[in-house]
Amino acid sequence: MSINGTVVPKEKVIVLLHLGHSNMAGRAIDPAVEMPYFYNTDPHLWKYQLGGIWTPAKEWLCPDGGTPGITPSNQGAGPGMALLRHALALAPDAYIVSIGQGKAVELSGNCFSFSKGGIFYETLMGPARELKGKVTFGGLFVMLGIDARTDPRTQNGGFLTCLSGMADDFRTDLGEPNLPFIMGDYERGATGNLAPTCCGAPQVIEQLSHLEATISNSFLIPTDGIPMQDDHHYNMTGHRLWADRAFAGMAAKGFLPWTTK
(Lines give C-alpha, C1' and ligand atoms only; values in the text may rest on other atoms or scores of the structure.)
Protein backbone atom coordinates (compact mmCIF):
# COMPACT_ATOMS: atom_id res chain seq x y z
CA MET A 1 0.00 0.00 0.00
CA SER A 2 1.35 3.43 -0.95
CA ILE A 3 0.43 6.08 1.61
CA ASN A 4 1.10 9.50 0.14
CA GLY A 5 4.15 8.07 -1.62
CA THR A 6 5.40 5.81 1.18
CA VAL A 7 5.11 2.08 0.47
CA VAL A 8 3.88 0.19 3.54
CA PRO A 9 3.11 -3.57 3.88
CA LYS A 10 -0.55 -4.51 4.16
CA GLU A 11 0.03 -5.83 7.69
CA LYS A 12 1.27 -2.41 8.81
CA VAL A 13 -1.64 -0.37 7.44
CA ILE A 14 -4.42 -0.52 10.04
CA VAL A 15 -7.69 1.06 8.91
CA LEU A 16 -10.25 2.07 11.52
CA LEU A 17 -13.79 2.67 10.26
CA HIS A 18 -15.90 4.92 12.46
CA LEU A 19 -19.44 6.23 12.10
CA GLY A 20 -22.20 7.73 14.16
CA HIS A 21 -24.32 10.72 15.03
CA SER A 22 -23.14 14.08 16.42
CA ASN A 23 -20.83 12.59 19.04
CA MET A 24 -18.89 10.96 16.20
CA ALA A 25 -19.01 14.07 14.02
CA GLY A 26 -17.56 15.92 16.99
CA ARG A 27 -18.76 18.60 19.40
CA ALA A 28 -15.90 18.59 21.95
CA ILE A 29 -14.10 21.91 22.46
CA ASP A 30 -12.48 21.46 25.86
CA PRO A 31 -10.48 20.96 28.03
CA ALA A 32 -7.83 23.02 26.25
CA VAL A 33 -5.03 20.79 27.52
CA GLU A 34 -6.33 18.04 25.22
CA MET A 35 -6.11 20.13 22.04
CA PRO A 36 -2.69 18.83 20.87
CA TYR A 37 -3.85 15.22 21.23
CA PHE A 38 -6.72 15.86 18.84
CA TYR A 39 -5.36 18.55 16.51
CA ASN A 40 -1.64 17.80 16.11
CA THR A 41 -0.60 15.48 13.28
CA ASP A 42 1.71 12.45 13.37
CA PRO A 43 3.56 10.93 10.38
CA HIS A 44 1.93 7.56 11.13
CA LEU A 45 -1.67 8.81 11.36
CA TRP A 46 -3.68 9.38 8.18
CA LYS A 47 -7.17 10.05 6.85
CA TYR A 48 -8.22 8.36 3.61
CA GLN A 49 -10.86 9.67 1.21
CA LEU A 50 -12.39 8.37 -1.99
CA GLY A 51 -10.13 8.58 -5.02
CA GLY A 52 -6.81 7.95 -3.30
CA ILE A 53 -6.71 11.14 -1.24
CA TRP A 54 -4.40 10.89 1.79
CA THR A 55 -4.38 13.65 4.42
CA PRO A 56 -2.46 13.80 7.71
CA ALA A 57 -5.04 12.93 10.35
CA LYS A 58 -6.31 15.53 12.80
CA GLU A 59 -9.70 16.70 13.96
CA TRP A 60 -12.07 17.34 12.50
CA LEU A 61 -11.90 13.84 11.00
CA CYS A 62 -15.57 13.46 10.03
CA PRO A 63 -17.36 16.77 10.66
CA ASP A 64 -20.94 17.58 9.78
CA GLY A 65 -20.75 21.33 10.28
CA GLY A 66 -22.54 21.39 13.60
CA THR A 67 -26.19 21.15 14.49
CA PRO A 68 -28.50 23.09 12.10
CA GLY A 69 -29.87 26.31 13.56
CA ILE A 70 -26.94 26.89 15.92
CA THR A 71 -24.73 29.86 15.01
CA PRO A 72 -21.80 29.81 15.09
CA SER A 73 -21.35 26.13 14.27
CA ASN A 74 -20.81 23.90 17.29
CA GLN A 75 -18.43 21.66 15.36
CA GLY A 76 -15.69 20.24 17.58
CA ALA A 77 -13.53 17.16 18.04
CA GLY A 78 -14.85 13.62 17.97
CA PRO A 79 -13.32 10.30 19.00
CA GLY A 80 -11.46 9.69 15.74
CA MET A 81 -8.04 10.95 16.77
CA ALA A 82 -8.33 9.22 20.14
CA LEU A 83 -8.94 5.93 18.33
CA LEU A 84 -6.00 6.49 15.98
CA ARG A 85 -3.56 7.49 18.72
CA HIS A 86 -4.51 4.55 20.92
CA ALA A 87 -4.06 2.17 18.00
CA LEU A 88 -0.65 3.66 17.22
CA ALA A 89 0.42 3.21 20.84
CA LEU A 90 -0.34 -0.49 20.42
CA ALA A 91 1.49 -0.76 17.07
CA PRO A 92 4.09 2.04 16.92
CA ASP A 93 5.59 0.81 13.64
CA ALA A 94 2.22 0.75 11.86
CA TYR A 95 0.35 3.39 9.90
CA ILE A 96 -3.13 3.97 11.33
CA VAL A 97 -5.79 5.21 8.91
CA SER A 98 -9.18 6.82 9.55
CA ILE A 99 -12.22 6.42 7.33
CA GLY A 100 -15.09 8.08 9.17
CA GLN A 101 -18.53 9.59 8.79
CA GLY A 102 -20.46 11.57 11.39
CA LYS A 103 -23.92 13.09 11.04
CA ALA A 104 -26.14 14.66 13.66
CA VAL A 105 -29.58 13.15 14.19
CA GLU A 106 -30.97 16.36 12.69
CA LEU A 107 -28.99 15.56 9.53
CA SER A 108 -30.42 12.01 9.30
CA GLY A 109 -27.64 10.44 11.36
CA ASN A 110 -29.23 7.12 12.32
CA CYS A 111 -28.59 3.40 12.04
CA PHE A 112 -30.64 3.01 8.87
CA SER A 113 -28.85 5.85 7.07
CA PHE A 114 -25.47 4.24 7.77
CA SER A 115 -26.60 0.74 6.72
CA LYS A 116 -26.49 -0.65 3.19
CA GLY A 117 -28.97 1.21 1.03
CA GLY A 118 -28.89 4.20 3.38
CA ILE A 119 -27.79 7.66 2.29
CA PHE A 120 -24.44 7.53 4.11
CA TYR A 121 -23.39 3.93 3.51
CA GLU A 122 -21.38 4.52 0.35
CA THR A 123 -19.75 7.63 1.81
CA LEU A 124 -17.95 5.30 4.20
CA MET A 125 -17.89 2.08 2.20
CA GLY A 126 -16.66 3.69 -1.02
CA PRO A 127 -13.23 4.67 0.36
CA ALA A 128 -13.00 1.44 2.38
CA ARG A 129 -13.73 -0.64 -0.70
CA GLU A 130 -10.85 1.04 -2.55
CA LEU A 131 -8.47 -0.27 0.12
CA LYS A 132 -9.93 -3.79 0.21
CA GLY A 133 -7.17 -6.39 0.02
CA LYS A 134 -4.44 -3.78 0.45
CA VAL A 135 -4.76 -3.00 4.16
CA THR A 136 -5.68 -4.54 7.52
CA PHE A 137 -9.11 -3.46 8.75
CA GLY A 138 -8.94 -3.05 12.52
CA GLY A 139 -12.61 -2.60 13.30
CA LEU A 140 -15.85 -0.70 12.84
CA PHE A 141 -16.49 1.77 15.69
CA VAL A 142 -20.06 3.00 16.10
CA MET A 143 -21.66 5.83 18.11
CA LEU A 144 -25.46 5.60 17.83
CA GLY A 145 -28.36 5.42 20.25
CA ILE A 146 -29.75 8.92 20.72
CA ASP A 147 -31.24 8.50 17.25
CA ALA A 148 -33.10 5.34 18.24
CA ARG A 149 -35.11 6.72 21.15
CA THR A 150 -38.24 7.67 19.21
CA ASP A 151 -37.80 6.20 15.72
CA PRO A 152 -40.67 3.71 15.19
CA ARG A 153 -38.32 1.48 13.20
CA THR A 154 -36.15 0.89 16.27
CA GLN A 155 -38.91 -0.32 18.57
CA ASN A 156 -39.38 -3.96 19.62
CA GLY A 157 -35.82 -4.97 18.80
CA GLY A 158 -35.60 -2.96 15.57
CA PHE A 159 -32.49 -1.05 16.64
CA LEU A 160 -30.52 -4.16 17.45
CA THR A 161 -31.69 -5.76 14.20
CA CYS A 162 -30.45 -2.72 12.30
CA LEU A 163 -27.05 -2.83 14.02
CA SER A 164 -26.72 -6.53 13.29
CA GLY A 165 -27.51 -5.90 9.65
CA MET A 166 -24.98 -3.10 9.55
CA ALA A 167 -22.27 -5.40 10.88
CA ASP A 168 -23.18 -8.00 8.26
CA ASP A 169 -23.17 -5.41 5.45
CA PHE A 170 -19.73 -4.03 6.24
CA ARG A 171 -18.22 -7.44 6.79
CA THR A 172 -19.65 -8.83 3.56
CA ASP A 173 -18.68 -5.89 1.36
CA LEU A 174 -15.14 -5.81 2.74
CA GLY A 175 -14.69 -9.57 2.74
CA GLU A 176 -13.95 -9.40 6.47
CA PRO A 177 -16.32 -11.82 8.22
CA ASN A 178 -14.60 -11.33 11.58
CA LEU A 179 -14.31 -7.53 11.48
CA PRO A 180 -14.72 -6.35 15.09
CA PHE A 181 -17.93 -4.40 15.65
CA ILE A 182 -17.33 -1.95 18.49
CA MET A 183 -20.41 -0.12 19.70
CA GLY A 184 -20.69 2.64 22.27
CA ASP A 185 -23.41 2.16 24.86
CA TYR A 186 -26.06 4.85 25.23
CA GLU A 187 -24.57 8.07 26.61
CA ARG A 188 -25.13 7.35 30.31
CA GLY A 189 -24.10 10.89 31.29
CA ALA A 190 -26.80 12.52 29.15
CA THR A 191 -29.25 14.79 30.97
CA GLY A 192 -32.70 16.34 30.52
CA ASN A 193 -34.98 14.63 28.02
CA LEU A 194 -31.94 12.76 26.66
CA ALA A 195 -31.18 11.16 30.03
CA PRO A 196 -30.89 7.36 30.06
CA THR A 197 -34.05 7.12 32.19
CA CYS A 198 -36.21 9.27 29.91
CA CYS A 199 -38.07 9.45 26.70
CA GLY A 200 -37.29 6.24 24.85
CA ALA A 201 -33.75 5.78 26.10
CA PRO A 202 -34.51 2.73 28.31
CA GLN A 203 -35.67 0.66 25.31
CA VAL A 204 -32.44 1.57 23.48
CA ILE A 205 -30.34 0.58 26.47
CA GLU A 206 -32.23 -2.70 26.83
CA GLN A 207 -31.55 -3.61 23.21
CA LEU A 208 -27.88 -2.68 23.47
CA SER A 209 -27.53 -4.98 26.47
CA HIS A 210 -28.00 -7.89 24.04
CA LEU A 211 -25.52 -6.64 21.43
CA GLU A 212 -22.60 -8.92 22.30
CA ALA A 213 -24.85 -11.98 22.36
CA THR A 214 -26.42 -11.05 19.01
CA ILE A 215 -23.48 -9.81 16.91
CA SER A 216 -20.37 -11.96 16.68
CA ASN A 217 -16.98 -10.36 17.41
CA SER A 218 -18.63 -7.36 19.03
CA PHE A 219 -18.01 -5.30 22.15
CA LEU A 220 -20.25 -2.77 23.90
CA ILE A 221 -18.24 0.15 25.31
CA PRO A 222 -19.47 1.16 28.77
CA THR A 223 -20.18 4.89 28.96
CA ASP A 224 -20.85 5.45 32.65
CA GLY A 225 -18.67 8.21 34.10
CA ILE A 226 -17.49 9.57 30.74
CA PRO A 227 -17.01 13.37 31.02
CA MET A 228 -19.56 15.40 29.08
CA GLN A 229 -19.42 18.60 27.01
CA ASP A 230 -23.14 19.32 27.36
CA ASP A 231 -26.38 17.38 27.79
CA HIS A 232 -25.29 14.47 25.57
CA HIS A 233 -21.92 15.14 23.91
CA TYR A 234 -18.58 13.98 25.30
CA ASN A 235 -15.74 16.43 25.82
CA MET A 236 -12.23 15.62 24.60
CA THR A 237 -11.34 13.83 27.82
CA GLY A 238 -14.51 11.82 27.35
CA HIS A 239 -13.59 10.82 23.82
CA ARG A 240 -10.16 9.66 25.02
CA LEU A 241 -11.79 7.55 27.71
CA TRP A 242 -14.31 6.13 25.21
CA ALA A 243 -11.46 5.08 22.92
CA ASP A 244 -9.45 3.66 25.84
CA ARG A 245 -12.41 1.54 26.89
CA ALA A 246 -12.95 0.42 23.31
CA PHE A 247 -9.43 -0.93 22.99
CA ALA A 248 -9.45 -2.42 26.49
CA GLY A 249 -12.52 -4.42 25.51
CA MET A 250 -10.97 -5.44 22.20
CA ALA A 251 -7.81 -6.61 23.97
CA ALA A 252 -9.83 -8.66 26.45
CA LYS A 253 -11.71 -10.34 23.59
CA GLY A 254 -8.66 -10.99 21.43
CA PHE A 255 -9.70 -8.55 18.69
CA LEU A 256 -6.22 -7.00 18.24
CA PRO A 257 -4.07 -9.46 16.29
CA TRP A 258 -2.22 -6.62 14.57
CA THR A 259 -0.76 -5.09 17.74
CA THR A 260 2.97 -5.29 18.43
CA LYS A 261 3.06 -4.07 22.06
Side-chain angles (χ1 to χ4, degrees), residues 3 8 11-20 23-28 30-31 33-48 55-63 76-102 124 128 131 135-144 170 176 178-185 187 189 212 217-229 233-261:
I3 298 179
V8 185
E11 295 75 18
K12 297 297 182 182
V13 184
I14 313 302
V15 175
L16 304 183
L17 306 169
H18 50 110
L19 64 83
N23 252 319
M24 181 59 73
R27 298 293 184 265
D30 60 54
V33 69
E34 298 282 9
M35 292 289 284
Y37 192 83
F38 286 85
Y39 288 92
N40 287 0
T41 60
D42 183 287
H44 280 248
L45 301 180
W46 291 86
K47 174 180 178 178
Y48 182 77
T55 308
K58 64 177 181 178
E59 294 294 335
W60 309 311
L61 279 178
C62 51
M81 282 301 290
L83 291 169
L84 297 190
R85 289 195 187 278
H86 197 120
L88 184 61
L90 295 174
D93 59 341
Y95 285 71
I96 315 298
V97 179
S98 158
I99 298 179
Q101 178 68 70
L124 198 68
L131 300 183
V135 302
T136 299
F137 288 102
L140 174 61
F141 297 81
V142 179
M143 279 182 159
L144 292 170
F170 275 86
E176 298 281 348
N178 298 316
L179 180 73
F181 186 86
I182 312 302
M183 177 79 192
D185 198 1
E187 291 87 340
E212 293 183 20
N217 292 341
S218 67
F219 175 67
L220 185 68
I221 306 169
T223 60
D224 52 295
I226 291 184
M228 308 297 291
Q229 180 79 37
H233 296 115
Y234 304 137
N235 65 16
M236 284 186 275
T237 302
H239 282 308
R240 285 190 68 164
L241 182 56
W242 190 87
D244 289 348
R245 290 179 178 180
F247 279 100
M250 293 175 75
K253 291 203 163 200
F255 293 168
L256 301 171
W258 46 266
T259 57
T260 55
K261 291 183 68 175

K.L.:
Please evaluate residues Ile182 and Val142 with respect to the criterion side chain to side chain contact (heavy atoms under 4.5 Å, CB included), reporting the C-alpha separation (whole Å), side-chain torsions for both, the decisive distance (0.1 Å), and the verdict.
P.N.:
CA-CA 6 Å; Ile182 312 302; Val142 179; over 6 Å; no
K.L.:
Tell me the closest heavy-atom pair linking Ala87 and Leu16, and the distance in Å.
P.N.:
CB-CD1, 4.1 Å
K.L.:
Above 12 or not: heavy atoms from other molecules or residues under 6.0 Å from CH2 of Trp46?
P.N.:
yes
K.L.:
So, for Asn23 and His233, which heavy atoms are closest and what is the spacing to 0.1 Å?
P.N.:
OD1-CA, 3.3 Å
K.L.:
With distance as the sole test, does Lys47 use its side chain to make a donor-acceptor pair with the main-chain N or O of Val97 at under 3.5 Å?
P.N.:
no
K.L.:
Classify the ring geometry of Phe247 against His86: parallel below 30°, tilted from 30° to 60°, perpendicular beyond 60°.
P.N.:
parallel
K.L.:
Quick check for you: to the nearest 0.5 Å, what is the distance between Thr136 atom OG1 and Glu176 atom CD?
P.N.:
8.0 Å
K.L.:
Mind checking whether Thr237 and Met228 have side chains closer than 4.5 Å, heavy atoms only?
P.N.:
no
K.L.:
May I ask you to test the Glu187-Ile226 pair for a side-chain heavy-atom distance under 4.5 Å?
P.N.:
no
K.L.:
Might you work through the side chain to side chain contact (heavy atoms under 4.5 Å, CB included) test for Ile14 and Tyr95, ending with a clear yes or no?
P.N.:
CA-CA 6 Å; Ile14 313 302; Tyr95 285 71; over 6 Å; no
K.L.:
Using only atom types and a distance under 3.5 Å, with no angle test, would you say the side chain of His44 pairs donor to acceptor with the backbone of Ala94?
P.N.:
yes
K.L.:
Is atom NZ of Lys58 surrounded by more than 12 heavy atoms (other residues, nucleotides or ligands) closer than 6.0 Å?
P.N.:
no
K.L.:
Measure the shortest side-chain to side-chain distance between Pro222 and Asp185 over non-hydrogen atoms and say whether it is less than 4.5 angstrom.
P.N.:
no
K.L.:
What do the steps show when you test Leu19 against Met143 for side chain to side chain contact (heavy atoms under 4.5 Å, CB included), and what is the final call?
P.N.:
CA-CA 6 Å; Leu19 64 83; Met143 279 182 159; over 6 Å; no
K.L.:
With rounding to the nearest 0.5 angstrom, report the CZ to CG distance, Arg85 to Leu90.
P.N.:
14.0 Å
K.L.:
Looking only at non-hydrogen atoms, find the nearest pair between Phe141 and Ala246 and report the distance.
P.N.:
CE2-CB, 4.2 Å
K.L.:
State, to 0.1 Å, how close Gly20 and Leu144 come at their nearest heavy-atom pair, and which atoms those are.
P.N.:
CA-CD2, 3.9 Å
K.L.:
Contact between Pro180 and Leu140 at the side-chain level, heavy atoms closer than 4.5 Å - yes or no?
P.N.:
no
K.L.:
Taking all non-hydrogen atoms of both residues into account, name the closest pair between Met24 and Cys62 and its distance.
P.N.:
O-SG, 3.5 Å
K.L.:
CE of Met183 to OG1 of Thr223: how many Å apart, nearest 0.5 Å?
P.N.:
10.0 Å
K.L.:
Within the distance-only criterion (no hydrogens, no angle test), does the side chain of Arg240 pair as donor or acceptor with the backbone N or O of Ala82 below 3.5 angstrom?
P.N.:
no
K.L.:
Quick one, Val15 and Ile99 - any side-chain contact, counting heavy atoms below 4.5 Å?
P.N.:
yes
K.L.:
With a 3.5 Å distance limit and no angle check, can you tell me whether Lys253 reaches the backbone of Ser218 through a side-chain donor-acceptor pair?
P.N.:
yes
K.L.:
Taking the side chain as C-beta and beyond, is there a heavy-atom pair between Tyr48 and Thr55 under 4.5 Å?
P.N.:
no
K.L.:
Would you sort out whether Leu83 and His18 count as a side chain to side chain contact (heavy atoms under 4.5 Å, CB included), showing the intermediate values?
P.N.:
CA-CA 9 Å; Leu83 291 169; His18 50 110; 4.2 Å; yes
K.L.:
Pick out which of Met81, Met35, Met236 makes a side chain to side chain contact (heavy atoms under 4.5 Å, CB included) with Glu59.
P.N.:
Met81
K.L.:
Does a side-chain heavy-atom distance below 4.5 Å link Leu84 with Asp42?
P.N.:
no
K.L.:
Main chain of Leu220, side chain of Glu212: is a donor-acceptor contact present, judged purely on distance under 3.5 Å?
P.N.:
yes
K.L.:
Quick one: does NZ or CZ of Arg27 land under 6.0 Å from the six-membered ring centre of Tyr234, within 45 degrees of the ring axis?
P.N.:
no
K.L.:
Would you indicate whether the side-chain heavy atoms of Asn217 and Leu179 approach each other to under 4.5 Å?
P.N.:
no
K.L.:
Could you state the interatomic distance from CZ (Phe170) to CZ (Phe181), rounded to the nearest 0.5 Å?
P.N.:
9.0 Å
K.L.:
How close do Leu241 and Pro227 get, counting heavy atoms only, and between which atoms?
P.N.:
CD2-CD, 4.1 Å
